[in-house]
Amino acid sequence: MPKISKAGRAVGIYGCFTETGEPSEARATAADVETCPLCMEPLKEKQRLICTHAFCAACLKRYVATLGLQCPVCLKALRVVGDQPEGQMTSKYFNNIFGFDCVVMKYNIPWGIQTEAHPNPGKPFTGVKTTAYFPKRDQGVLKLLQRAFEQKLVFTVAATNEAADRVAFTDIPHAGHPNACYKPGFLQEVKAALRAKGIE
């Protein structure tokens with residue numbers, strides 16, 4: 001059974017970037033060590049937001065989980081960015097396919113090399129071509145899915161016990177058959193998963 005990596009593992013999960021080290025001649029002295037404004041301790045696994053404020057990775061994660069997607073200092077809105085490899089998403093409406101009015105989503109993520117955001121950086125991953133179905137009646141969900149794809153949140157790279165890791169869906173529900181997308185509660189589950197990633 002392949003081990004699925006967690007969505008949002010990427011460096012840019014909160015619209016930020018990490019600073020893992022500097023050349024020795026540029027390193028700060030003990031007196032110049034940056035302090036996390038949340039825990040008031042020296043920064044650990046520093047993450048600097050686009051607004052330039054920096055925090056410990058764990059502190060930022062706790063803050064966002066409690067108070068939402070905004071910078072703890074300036075309150076600038078943050079955008080969740082995942083680790084999905086580059087690819088394409090297309091949609092097409094089908095009238096009465098298998099007795100259902102559906103929008104068919106087609107995804108194509110080519111094979112590639114894993115980045116630092118993935119389980120095994122530098123190693124190849126197997127891409128995916130797949131299809132999913134969504135009810136035509138809720139166009140709003142389709143727009144939210146498009147945003148999620150643009151923010152690299154629909155797929156991730158999953159570590160496997162096989163020769164190459166593979167691209168897999170994250171925790172955003174997708175229906176593999178038209179009748180599955182019309183099951184009670186399906187759209188609510190999709191919206192809840194998107195909301196948890198700041199997309200609503």
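- In this structure, the separation between CG on Leu49 and SG on Cys74 is 7.5 Å, given to the nearest 0.5 Å.
- Rounded to the nearest 0.5 Å, atoms CD (Gln146) and OG (Ser91) are 7.0 Å apart.
- Under a cut-off of 6.0 angstrom, the local environment of CD in Gln88 is sparse, with at most 12 non-hydrogen atoms contributed by other residues, nucleotides or ligands.
- In this structure, Cys36 and Pro42 have side chains that are not in contact, with every pair of non-hydrogen atoms separated by 4.5 Å or more.
- Judged purely by atom type and a 3.5 angstrom limit, Asp101 has no side-chain atom pairing as donor or acceptor with the backbone of Lys136.
- Without hydrogens or angle criteria, His177 side chain to Asn179 main chain gives a donor-acceptor distance under 3.5 Å.
- Of all heavy-atom pairs between Pro173 and Ala193, the closest is CD-CB, 3.8 Å.
- The minimum heavy-atom distance linking Leu38 with Pro72 is given by the pair CD2-CB, 3.8 Å.
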- Query: Can you list the steps and then say if Leu145 with Ile172 is a side-chain contact (heavy atoms from CB on, under 4.5 Å)?
  - Reply: CA-CA 9 Å; Leu145 280 168; Ile172 300 172; 4.0 Å; yes

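- In this structure, Lys129 is not positioned above the aromatic face of Tyr107 in the sense of NZ or CZ being under 6.0 Å from the six-membered ring centre and within 45° of the axis.
- Listed by first and then second residue, the salt bridge (Lys or Arg N to Asp or Glu O under 4.0 Å) pairs involving residues 181-196 are Asp138-Lys191, Arg195-Glu200 (not counting sequence neighbours).
- With rounding to the nearest 0.5 Å, the separation of CD1 in Ile109 from CE in Met89 is 10.5 Å.
- Between Phe155 and Thr130 the shortest side-chain heavy-atom distance falls below 4.5 Å.
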- Apply side-chain contact (heavy atoms from CB on, under 4.5 Å) to the pair Gln70 and Lys76, showing each step before the final yes or no. CA-CA 5 Å; Gln70 59 185 15; Lys76 181 178 179 179; over 6 Å; no

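- At distances below 3.5 Å, not a single donor-acceptor pair connects side-chain atoms of Glu116 with backbone N or O atoms of Pro121.
- Proximity of Asp83 to Thr115: side-chain heavy atoms (C-beta onward) are nowhere separated by under 4.5 Å.
- The CG atom of Asp165 lies 10.0 Å from the NE2 atom of His118; values are rounded to the nearest 0.5 Å.
- In this structure, His53 NE2 and Leu60 CG are separated by 12.5 Å, a value rounded to the nearest 0.5 Å.
- By the 4.5 Å heavy-atom criterion applied to side chains, Ile113 and Lys123 are not counted as neighbours.
- The minimum heavy-atom distance linking Ala168 with Arg166 is given by the pair CB-NH1, 3.4 Å.
- The shortest heavy-atom contact between Cys181 and Cys102 is SG-SG, 4.1 Å.
- Side-chain contact between Tyr133 and His174: absent, with no pair of heavy atoms (C-beta onward) separated by less than 4.5 Å.
- Residues Met40 and Phe55 do not share a hydrophobic cluster, clusters being chains of Ile/Leu/Val/Met/Phe/Trp/Tyr side chains in contact below 4.5 Å.
- Formation of a donor-acceptor pair under 3.5 Å by the Thr170 side chain with backbone atoms of Val154 is found in this model.
- Under the 4.5 Å side-chain heavy-atom criterion for Ile, Leu, Val, Met, Phe, Trp and Tyr, Trp111 and Val157 are members of distinct hydrophobic clusters.
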- Query: Can you list the steps and then say if Gln151 with Gln84 is a side-chain contact (heavy atoms from CB on, under 4.5 Å)?
  - Reply: CA-CA 8 Å; Gln151 290 178 220; Gln84 171 183 296; over 6 Å; no

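- With values rounded to the nearest 0.5 angstrom, Cys59 atom SG is found 10.5 Å from Glu45 atom CD.
- The stretch residues 179-200 participates, sequence neighbours left out, in these ring pair (Phe, Tyr, Trp, His ring centres under 6.0 Å) pairs: Phe100-Tyr182, Phe134-Phe186.
- With contacts defined as side-chain heavy-atom distances shorter than 4.5 Å, the pair Pro85/Val167 qualifies.
- Counting heavy atoms from C-beta outward, Arg147 and Leu194 have side chains that stay 4.5 Å or more apart.
- When all heavy atoms are compared, the tightest approach of Pro110 to Gly87 is CD-CA, 4.1 Å.
- Contact annotation: the side chain of Met105 approaches that of Val103 to within less than 4.5 Å [non-hydrogen atoms, C-beta and beyond].
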